[in-house]
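One structure coming up, written as structure tokens, with questions to follow.
Every chain is numbered from 1, with letters handed out A, B, ... down the list of sequences.
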Amino acid sequence: MRAGMTAIAVAAFASVLSATAMAADYVIDTKNAHASINFRIKHLGFSWIAGRFDKFSGTFSYDEKNPDAAKVAIKIDTASVDTNHAERDKHLRGADLLDTEMFPEATFESTSVKASGPDKATITGKLTLHGVTKDVTLDAERVGGGKDPWGGYREGFTATTTLKLADFAITRDLGPFSKEVELRLDVEGVKQ
Amino acid sequence: MIRPHRWPFTMFMPLKSLPVGSISCGAVRRHDGAVMYIRDTSQGYGVVSRLFHWLMAVAIFGMFGLGVWMVRLDYYSPYYNAAPDFHRSFGILLLIALLVRWVWRAANPKPSAEGLTPLEQKISYAVHWGFYVLLLGLMISGYLITTPDGQPINVFGWFDVPSLVQMRGLEDRAGYVHRLVAYVVIALAAVHSLAALKHHYFDRSNVLRRMWSGPPRLTVNPKEENHL
């Protein structure tokens with residue numbers, strides 16, 4: 001009888017443990033646009049031009065107790081680039097910049113996540129952009145997470161990095177002040 | 001002061017009784033006695049149609065060269081913004097000119113196409129209308145490269161042409177059409193020029209001459225003019 005009780009207690013404890021240890025899977029909420037992939041690049045060294053990719057999708061797994069086990073994968077439709085200026089967007093999609101006809105998709109897949117503080121982590125992964133795959137490092141921060149008012153569970157993050165255009169074989173000369181682009185991902189995932 | 005031999009009264013006078021130096025609705029009586037036709041006649045093109053033709057020919061070739069050149073400009077080129085601004089502005093003026101030209105054409109007699117074989121007449125008819133349709137398509141597609149995000153086209157700082165169609169990604173399709181049609185127009189212009197030279201040098205027809213100097217000049221015997 002006691003042995004039975006103990007067994008049940010152990011089993012229950014184990015199941016709780018495994019539940020917490022097992023990272024939950026989240027789908028990034030692009031459907032309702034609680035996520036965005038934003039970039040900005042200096043214009044002439046005088047100001048910033050902001051833009052974003054309007055179409056993308058992604059998933060991540062995250063466990064608050066074990067952030068180092070987190071994973072993230074994102075696919076971006078490069079032709080959805082939007083800088084609020086039709087002619088410039090056309091140029092960005094063109095052959096001398098993103099060449100979206102040739103490279104319609106950009107992807108990021110994490111290879112390692114290292115917690116660097118409370119709710120902070122460094123995400124390393126492979127970014128494929130303009131047909132070039134390179135290791136990039138994102139500085140990620142957990143913004144918040146918990147139950148949403150509609151019966152679901154959400155986690156949200158912000159991640160930033162800076163890319164050199166030349167690293168991704170984008171060689172169009174935009175001037176000495178516009179060789180790097182800052183990327184910021186704001187994502188909210190809904191637990192599956 | 002009423003001067004019945006002066007414009008505008010001469011507008012209603014028959015050509016033959018026009019005083020020297022006066023203007024009728026269809027022609028100007030020059031001081032040497034020759035008549036310069038403003039309107040087209042069955043014999044050839046008046047000065048308005050000829051100006052439309054040659055000025056638009058120069059403008060179209062110029063715009064083609066400008067377009068090909070400007071899309072390759074370096075970002076730090078001083079013309080990077082100025083060249084497309086000029087191209088857009090001038091394109092709108094050309095669109096207006098094209099529409100006025102149609103009205104003018106419709107309101108004028110059609111010069112005869114005799115001297116051309118029936119096949120040549122059909123081809124030249126197709127080429128002329130091909131030009132009109134292609135040019136209109138060229139101008140509309142150019143307009144749609146700039147305006148689908150809601151931006152107007154400002155014409156030389158004089159006035160704005162508002163954005164009428166807003167659609168994401170339309171600029172890509174418009175750009176594709178604009179480039180394609182521009183090349184087709186230039187190819188058609190080459191065919192048109194070669195045909196004109198062929199008619200002029202090989203067929204000895206007057207099609208090129210009448211587009212350059214108008215209908216054969218009506219000169220009146222100076223003795224008959226004495227009474228004017």
Member of B:Phe61, B:Trp212, B:Tyr45 meeting the ring pair (Phe, Tyr, Trp, His ring centres under 6.0 Å) criterion with B:Trp54: B:Trp212

Main-chain N/O of A:Gly131 paired with A:Thr128 side-chain donor or acceptor, under 3.5 Å: no

Part of A:Asp54 lying under 4.5 Å from any heavy atom of chain B: side chain

Any donor-acceptor N/O pair, B:Ser49 side chain to B:Gly46 backbone, under 3.5 Å: no

Contacting region of A:His91 [heavy-atom separation from chain B under 4.5 Å]: side chain

Interchain contact, A:Ser80 with chain B, by part (heavy-atom threshold 4.5 Å): backbone

Axial cation check for A:Tyr153 ring with A:Lys191, 6.0 Å and 45° limits: yes

